[in-house]
Amino acid sequence: AAYPDLEKRLETYMRKVFYFRDIDTKNGYDPAAIEYFGVLSLIDVRSPRRKLWYIYYASENDLEQTVDRIHHKYGKKNMFELYRKPVFSGAGMRSRVKNHFAGLKWYVKGNILEATPDSPYNDEKVVNTIADLYHSERRRYFDFLVHRNQLYKQYGCNHLNA
């Protein structure tokens with residue numbers, strides 16, 4: 001590794017950027033802190049022409065239980081996984097996806113997304129749209145960090161070489 005203590009350097013830098021006091025803690029991996037957002041394609045047995053998708057989010061610890069609960073409710077053979085990514089806030093990503101598709105005049109209730117019958121959306125288009133929303137969300141976080149970094153460089157008295 002080019003920097004043997006990169007994790008400690010990054011933590012020190014981020015504390016200076018966000019004006020946090022130094023706290024002596026170990027930053028261990030906490031699986032409960034990571035949330036996953038996912039989309040399942042749902043097939044309605046009574047009317048297979050309906051275009052349905054189920055969106056969910058859960059922490060890494062509860063992920064398998066959540067997916068099993070959804071499979072138990074709707075039937076395992078009637079749905080399959082289309083998309084799953086780690087996100088900063090699962091509830092925030094869910095709300096962003098729901099608002100986007102509600103703006104397209106889709107039927108959005110709870111975690112179910114239903115496209116209008118004349119909609120050209122299929123599984124691939126839904127995944128591409130959600131991936132675009134995911135990347136724009138990540139871009140917002142990145143832009144926020146860059147902005148804070150620029151402010152710190154401009155007004156900070158300590159210059160960091162990171």
Side-chain angles (χ1 to χ4, degrees), residues 7 10-11 13-21 23 25 27-152:
E7 193 71 31
L10 283 174
E11 182 176 349
Y13 176 72
M14 295 306 281
R15 288 196 174 280
K16 287 181 181 179
V17 167
F18 291 106
Y19 304 106
F20 290 149
R21 287 182 282 135
I23 300 172
T25 59
N27 280 347
Y29 172 70
D30 183 15
I34 297 177
E35 288 188 345
Y36 282 84
F37 174 82
V39 179
L40 297 166
S41 179
L42 180 60
I43 300 168
D44 189 0
V45 178
R46 292 171 290 192
S47 65
R49 292 181 49 130
R50 289 176 68 190
K51 301 174 184 178
L52 298 168
W53 293 273
Y54 189 92
I55 56 177
Y56 68 92
Y57 67 93
S59 66
E60 188 171 12
N61 293 341
D62 303 331
L63 188 60
E64 293 306 318
Q65 291 174 346
T66 303
V67 172
D68 288 343
R69 184 175 39 81
I70 296 167
H71 281 300
H72 182 70
K73 183 175 181 180
Y74 292 103
K76 190 168 190 161
K77 63 181 178 181
N78 296 334
M79 56 185 3
F80 55 93
E81 184 101 29
L82 287 178
Y83 188 80
R84 183 189 292 182
K85 288 282 187 181
V87 293
F88 180 73
S89 167
M93 186 66 185
R94 176 180 171 264
S95 135
R96 187 171 179 134
V97 168
K98 282 179 69 172
N99 288 339
H100 176 78
F101 286 113
L104 295 175
K105 305 292 187 236
W106 281 25
Y107 176 73
V108 178
K109 184 171 183 187
N111 291 330
I112 298 284
L113 303 173
E114 182 176 357
T116 56
D118 58 340
S119 172
Y121 274 82
N122 57 12
D123 289 340
E124 184 179 343
K125 282 189 177 184
V126 169
V127 168
N128 289 341
T129 303
I130 291 175
D132 291 344
L133 293 171
Y134 172 76
H135 289 300
S136 68
E137 184 79 10
R138 288 182 59 121
R139 184 66 193 190
R140 281 183 49 221
Y141 294 136
F142 177 77
D143 289 344
F144 175 74
L145 286 174
V146 167
H147 175 67
R148 291 299 299 227
N149 187 22
Q150 292 299 328
L151 287 177
Y152 179 73

Working note: V127 + V39, criterion side-chain contact (heavy atoms from CB on, under 4.5 Å); need CA distance, chi angles, decisive distance, verdict. CA-CA 8 Å; V127 168; V39 179; 5.9 Å; no

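- Taking OG1 from T66 and CG from N61, the interatomic distance works out to 10.5 Å, rounded to the nearest 0.5 Å.
- The two residues M93 and I130 make their nearest non-hydrogen contact at CE-O, 3.8 Å.
- The OG atom of S89 sits 11.0 Å away from the CZ atom of R94 when rounded to the nearest 0.5 Å.
- Heavy-atom contacts from other residues, nucleotides or ligands closer than 6.0 Å to CZ of R138 number 12 or fewer.
- For F80, there are no ring pair (Phe, Tyr, Trp, His ring centres under 6.0 Å) partners two or more places apart in sequence or in a different chain.
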For V126 and Y83, run side-chain contact (heavy atoms from CB on, under 4.5 Å): C-alpha distance rounded to whole Å, both residues' side-chain angles, the deciding distance at 0.1 Å, then the answer. CA-CA 10 Å; V126 169; Y83 188 80; over 6 Å; no

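- A ring pair (Phe, Tyr, Trp, His ring centres under 6.0 Å) check over residues 118-139, counting only residues at least two apart or in different chains, returns the pairs W106-Y121.
- Annotation: salt bridge (Lys or Arg N to Asp or Glu O under 4.0 Å) contacts involving residues 104-131, sequence neighbours excluded, comprise R50-E114.
- Considering only residues two or more places apart in sequence or on other chains, Y56 meets the ring pair (Phe, Tyr, Trp, His ring centres under 6.0 Å) condition with none of them.
- Within the 3.5 Å criterion, the main-chain N or O of S95 finds a donor-acceptor partner in the side chain of N99.
- When I70, I43, V67 are each tested for a side chain to side chain contact (heavy atoms under 4.5 Å, CB included) with M79, only one passes: I70.
- In this structure, E35 and F88 approach most closely via the heavy-atom pair OE1-O, 4.4 Å.
- When the options L63, D68, D62 are evaluated for a side chain to side chain contact (heavy atoms under 4.5 Å, CB included) with Q65, the one that passes is D62.
- Not one N or O on the side chain of K98 forms a donor-acceptor pair closer than 3.5 Å with the backbone of L113.
- Between the OG atom of S136 and the OH atom of Y141 there is a distance of 10.0 Å, given to the nearest 0.5 Å.
- When all heavy atoms of A115 and W53 are compared, the closest pair comes out as CB-CZ3, 3.9 Å.
- Distance CG/N128 to CG/N122: 9.0 Å, rounded to 0.5 Å.
- For R139, the side-chain hydrogen bond (donor to acceptor under 3.5 Å, both in side chains) partners are D143, not counting sequence neighbours.
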Could you walk me through whether V97 and F37 satisfy the side-chain contact (heavy atoms from CB on, under 4.5 Å) test, starting with their C-alpha distance in whole Å, then the side-chain angles of each, then the deciding distance to 0.1 Å, before giving a yes or no? CA-CA 10 Å; V97 168; F37 174 82; 3.8 Å; yes

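- With rounding to the nearest 0.5 Å, the separation of CG in N78 from CG in L40 is 12.0 Å.
- Residues forming a ring pair (Phe, Tyr, Trp, His ring centres under 6.0 Å) with Y74 (at least two apart in sequence, or on another chain): Y54.
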